[in-house]
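Scope of the values below: all heavy atoms of this structure, side chains included, with no hydrogens, waters or symmetry mates.
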Amino acid sequence: MKLLRNILNGLENKQYKCRKNREWRHEYMTLQMRDQENLEMGMAKGQEMMLELIQKLAEDGRLAEISKIKENKDYCQQLFREYHIFAHK
């Protein structure tokens with residue numbers, strides 16, 4: 001009887017660990033999917049901002065500066081501020 005109880009307790013313990021592992025895996029995958037969605041949204045917003053900046057530079061006849069923004073990230077940020085282009089729109 002004692003041997004059977006020990007075996008059953010061992011099985012219950014293994015079952016508990018498996019269930020926890022599945023729950024952890026589900027939580028991890030959920031977080032991974034959320035992170036991927038946030039990354040995609042951020043990239044899309046960055047593209048929108050860059051296109052808006054390029055459009056405004058072209059409208060103002062500042063075509064030479066378009067090639068500069070690719071090479072100089074600080075200058076690009078400066079132009080975003082100058083044209084009031086922000087990520088929170």
Side-chain angles (χ1 to χ4, degrees):
M1 195 65 155
K2 187 175 181 181
L3 177 61
L4 182 57
R5 197 174 311 132
N6 287 341
I7 291 172
L8 290 175
N9 285 339
L11 287 174
E12 287 175 1
N13 189 25
K14 295 284 185 196
Q15 183 183 25
Y16 174 78
K17 286 181 180 180
C18 287
R19 192 171 41 249
K20 280 298 190 188
N21 190 30
R22 263 185 296 204
E23 291 170 5
W24 178 87
R25 201 169 38 244
H26 175 72
E27 184 178 334
Y28 175 81
M29 292 305 293
T30 301
L31 291 173
Q32 184 121 4
M33 288 173 23
R34 186 201 65 198
D35 289 349
Q36 182 64 34
E37 290 172 0
N38 286 338
L39 177 65
E40 290 170 5
M41 287 183 345
M43 289 176 67
K45 184 60 182 172
Q47 288 174 342
E48 288 174 20
M49 291 173 60
M50 189 60 73
L51 289 173
E52 184 178 350
L53 178 59
I54 290 170
Q55 181 180 11
K56 289 180 182 277
L57 289 171
E59 288 170 359
D60 289 349
R62 298 169 73 178
L63 299 177
E65 295 180 60
I66 293 173
S67 62
K68 283 171 129 181
I69 61 177
K70 181 180 84 169
E71 299 163 7
N72 188 333
K73 304 298 180 210
D74 291 332
Y75 185 62
C76 184
Q77 293 299 317
Q78 178 184 333
L79 290 173
F80 282 143
R81 286 189 298 275
E82 179 181 329
Y83 281 100
H84 304 287
I85 300 171
F86 302 106
H88 63 274
K89 279 187 180 179

Should we say atom CD of E27 is surrounded by more than 12 heavy atoms from elsewhere, each under 6.0 Å from it?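 It does not: E27 CD has 12 such atoms or fewer within range.
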
Euclidean distance, [Y] [atom2] relative to [X] [atom1], rounded to 0.5 Å:
X: E52; Y: F80; atom1: CD; atom2: CZ; answer: 8.5 Å
X: Q77; Y: I69; atom1: CD; atom2: CD1; answer: 10.5 Å
X: Q55; Y: D60; atom1: CD; atom2: CG; answer: 10.5 Å
X: E59; Y: Y83; atom1: CD; atom2: OH; answer: 8.5 Å
X: I66; Y: M50; atom1: CD1; atom2: CE; answer: 10.5 Å
X: Y28; Y: M33; atom1: OH; atom2: CE; answer: 13.0 Å

Is any side-chain heavy atom of [Y] closer than 4.5 Å to one of [X]?
X: Q78; Y: D74; result: no
X: K68; Y: L79; result: no
X: N38; Y: R34; result: yes

Side-chain heavy atoms nearer than 4.5 Å, only ILVMFWY residues, links allowed to pass through others: does that put L57 and L63 together?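 Yes, same cluster.
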
Closest heavy-atom contact between F86 and K45?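 For F86 versus K45, the nearest heavy atoms are O-CE, 4.0 Å.
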
Can you confirm whether the side chains of Q36 and Q32 place a donor and an acceptor under 3.5 Å from each other? no

